[in-house]
Amino acid sequence: MTVQTSLDTIRERALAELGTAADLATARDWERRFLGAKGELTAFLRGLGALPAEERPAAGRAANTLKQELSAAYAARETALAAADLDRRLAEDAVDVTLPGRQPAVGSTHPVTQMIAELSDIFALMGFQTVFGPEVETAHYNFDLLNIPSDHPARDVWDTFVLDTDEAEIVLRTHTSPMQARTMEQRQPPVRVVVPGRCYRYEAQDASHEWMFHQLEGLAVDERITMADLKGVLRELARQLFGPERRVRFRCDFFPFVEPGVDFAVDCAICGGKGCRVCKQTGWLEMGGAGMVHPKVLQGVGYDPERYTGFAFGLGVERMLMMRDGVGDVRAFAGNDLRFLRQFARAQV
Ligand code: PHE
């Protein structure tokens, strides 16, 4: 076989193989096999020494010519494949801007938060300012200033979480009433505030008892405030929340910090007072406790009970929602079940 023939077979094979290389990796492998340090053409050039001296220059030239041809062919092929590769990756990464976007999961305010906002708005129209107080309280505010001394059996009415400390007796507030005293200590009459917030009681939980729940306290103190003002305010609240037809009922009840004390109820909006499952056939739904601020409470914060009178009330916030929206179990509110909470979802403002 002549030198030219063997070069021709290498050429033929090399170009055919390069022509079928479909990607950059195959093309690079091809370059290694034919043009690399251990490639076929390099091996051929090394073998030239074995030829008779007069044949060497021609064979060397022919081999170099082939090497240039193959190198040029490789460069062209590599450029083409690299361009194709780039096109492919760009196509893969392409974003279809016409696709509809993914809906972000937007949260909503909690139903209790919504109810507190609604109650604040209703009371603001009647001149009440919304204020907030501490959830961790001293027994002094939670009990003593509310006319519940430590030896008074009424302390047992509230199943209290007591914090383990050597200092003053610290409790998780059992109601929002401590803010009555805190507010009166800080300002002079006329006072008109509502106090929404969490309360805690050491309770056995059931469908109507939670160890954590929300109240909204109300307090108005001024000269000549009477029970008629209390009734008017709570009646207006019931009408705003449950509809213009609603009637309210006041019955005697006992709370050490009011005298007289009442519990108040609204006639059931579901059955119009005839009696149904929601109102347990009574026709009435209990909203909370209320009464005229006890003279001892006024005295305790330095108000003159001869000059000032006032009323106070406490509403259960979850209870308002249960009545109005027909929620059967108070545990749903802190239960973190999104299927429940989504029913109260509203557009954010
Ligand atoms: N704090 C009382 C309770 O939690 C409710 C109440 C508030 C009663 C204000 C009278 C006046 O039971």
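Residue indices begin at 1 and follow the sequence shown. Atoms within each ligand, like the ligands themselves, are counted from 1 in listed order.
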Colleague: Which option, F311, F257, F254, owns the non-hydrogen atom nearest atom 2 (C) of ligand 1?
Modeller: F257
Colleague: Looking at R239, I'd like to know if its CZ atom is crowded, meaning that more than 12 non-hydrogen atoms belonging to other residues, nucleotides or ligands lie closer than 6.0 Å.
Modeller: yes
Colleague: Going hydrophobic residue to hydrophobic residue with side-chain gaps under 4.5 angstrom, can you get from W284 over to L315?
Modeller: no
Colleague: Could you tell me, atom by atom, which parts of ligand 1 come under 4.0 Å of a heavy atom of R201?
Modeller: 3 (C), 4 (O), 12 (O)
Colleague: Using a strict 4.0 Å cut-off to heavy atoms of F255, name the atoms of ligand 1 that fall inside it.
Modeller: 8 (C), 10 (C), 12 (O)
Colleague: Taking E217 first and then R173, would you say they form a salt bridge - that is, a charged N and a carboxylate O separated by under 4.0 Å?
Modeller: no
Colleague: Is ligand 1 under 4.0 Å from a heavy atom in the side chain of C199, in the backbone, in both, or in neither?
Modeller: neither
Colleague: Under a single-linkage rule joining Ile, Leu, Val, Met, Phe, Trp and Tyr whose side-chain heavy atoms are separated by less than 4.5 Å, which residues share a cluster with M212?
Modeller: V136, F161, L163, I170, L172, Y200, Y202, W211
Colleague: Do S177 and ligand 1 have an N or O pair less than 3.5 Å apart?
Modeller: yes
Colleague: Does ligand 1 have an atom that lies less than 4.0 angstrom from a heavy atom of G261?
Modeller: no
Colleague: Does Q180, backbone or side chain, put an N or O under 3.5 Å from an N or O of ligand 1?
Modeller: no
Colleague: Please identify which atoms of ligand 1 are closer than 4.0 Å to at least one heavy atom of E217.
Modeller: 7 (C), 9 (C)
Colleague: If we check side-chain contact (heavy atoms from CB on, under 4.5 Å) with F257, which of these qualifies: L145, V293, V297?
Modeller: V297
Colleague: So, regarding H175 and ligand 1 (criterion: nitrogen or oxygen to nitrogen or oxygen, under 3.5 Å), is there a contact or not?
Modeller: yes
Colleague: Is a side-chain donor or acceptor of T42 paired with a backbone partner of G36 at a separation under 3.5 angstrom?
Modeller: yes
Colleague: Salt bridge or not between E223 and R307? Use side-chain N to carboxylate O under 4.0 Å.
Modeller: yes
Colleague: At less than 4.0 angstrom from any non-hydrogen atom of Q215, what atoms of ligand 1 do you find?
Modeller: 3 (C), 4 (O)
Colleague: With a 4.0 Å cut-off on heavy atoms, is A290 in contact with ligand 1?
Modeller: yes
Colleague: May I ask you to check whether F311 and F250 place their ring centres under 6.0 Å from each other?
Modeller: no
Colleague: What residue and heavy atom of the protein are closest to atom 7 (C) of ligand 1, and at what distance?
Modeller: G314 N, 3.4 Å
